[in-house]
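Structure record follows, encoded as structure tokens.
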2 protein chains.
Amino acid sequence: MTKKLQDIHKRHSLIKTLISSQDVFNQTQLVKLLKQNGIKVTQATLSRDLTELGVVRVPTTKGVVYKIDSTGVEKTLQNHLSEEIVSVQSNESIIVLKTFPGRAQGVALFIDKNNLSEIIGTVAGDDTIIIVPKSIKSIDKTIQQLKNIIGFK
Amino acid sequence: MTKKLQDIHKRHSLIKTLISSQDVFNQTQLVKLLKQNGIKVTQATLSRDLTELGVVRVPTTKGVVYKIDSTGVEKTLQNHLSEEIVSVQSNESIIVLKTFPGRAQGVALFIDKNNLSEIIGTVAGDDTIIIVPKSIKSIDKTIQQLKNIIGFK
DNA sequence: AAATAATTTGCATAATTATGCACAATAATG
DNA sequence: CATTATTGTGCATAATTATGCAAATTATTT
């Protein structure tokens, strides 16, 4: 299942790679670049993709180019964040979040940036994040808030 | 003299103020906002203004909005960039750009951001920038491109 | 597995932005 | 001060991007 979802994810990744590695001046150009990489879509789809990815248009002396929004990295991450998370578990006092290998730091960074009221702090390893709730009494509430912002169901 | 120049500056300032203080979704809206502030210009002029100011278009859930480019503060400087530059010299292989004291970093940053095809890299001190051309054979071309984007005559 | 719901995409085109050109305004020069 | 050069602006429109809608694909439910 989710062949389609993978396709979208793949396309989005490629878009980010392309606009990071070279100057992309318009969406028609991007259509061609994707085609060269075996992905066939129309300008309309790219318009939607770029919006979803939070890609900004920046004017330069050479013309307008697309760029990953520096202030919007989290936004981009949020879309794919749930895909990086394996599980969220807890005992009476601590929450443990498991991610795919190497993703813990990034996910923890995102959690920290959101500065949740119910979370005192986090520590991230390679694929595991330890999350300390404000109070062990309200840990369920903390988990709820956490799942909420990372989009984990 | 330069009543006109002041007008432009005033308009640019107002544009920056407006897009910083509220959501501006398109240039037609901006035309109206300026009009309310006693400045009458057309969309065409605003298109040019926004480019000069380095204003970026950022997609949001509410639609596309204009924003001062966080990484592009220097872009605003472009107008004054040539005023910061003392000289552009070179030998057979390297270009040396001299600026007024303390300005080298900012100017180099600007050059880097423009990602010129003819330039491999730059190193900036306090008032001097070393610029490495793609090839020493085409160094004249490099200098031309460089002067071009920094507006140095 | 069939039926239903939800999502994705292309097409056509609306909406928006960028720009060539001509003219006007300003600055520079003699 | 007249002349020439430079810069800024509007107009008209070209270029680019966004979107309503329908069809197709994928996911969910029964």
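Both backbone and side-chain heavy atoms feed into the values below; hydrogens, waters and symmetry mates do not. Quick caveat, the model's predicted, so the values are computed rather than measured.
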Q.
Rounding to an integer number of Å, can you tell me how far B/Ile8 CD1 sits from C/dA27 C1'?
A. 12 Å
Q: Calculate the interatomic distance between B/Ile15 atom CD1 and D/dG8 atom P; express it in whole Å.
A: 13 Å
Q) Among side-chain atoms of A/Gln145 and A/Glu118, is any donor-acceptor pair under 3.5 angstrom? A) no
Q. Roughly how far, to the nearest 0.5 Å, is the OH atom of A/Tyr66 from the CG atom of A/Asn26?
A. 7.0 Å
Q: Starting from C1' on D/dT9, measure out to CD on B/Glu52 and report it in whole angstrom.
A: 12 Å
Q) Going 5' to 3' along nucleotides 10-20 of chain D, which nucleotides have protein heavy atoms under 4.0 Å from the base (write B), which only from the sugar-phosphate (write S), and which from neither (write -)? A) BB----SBBBB
Q) Rounding to a whole Å, what distance do you find between A/His12:NE2 and C/dT7:P? A) 15 Å
Q) Which heavy atom of A/Val31 sits nearest a heavy atom of A/Val41, and at what distance? A) CG1-O, 3.4 Å
**Q.** Donor-acceptor contact present, side-chain A/Ser138 to main-chain A/Lys134, <3.5 Å
**A.** no
Q. Taking all non-hydrogen atoms of both residues, which atom of B/Val24 and which atom of B/Leu33 are closest, and how far apart?
A. CG2-CD1, 3.9 Å
Q. Could you give the distance from CD1 (A/Ile131) to CD1 (A/Ile120), rounded to the nearest 0.5 Å?
A. 12.5 Å
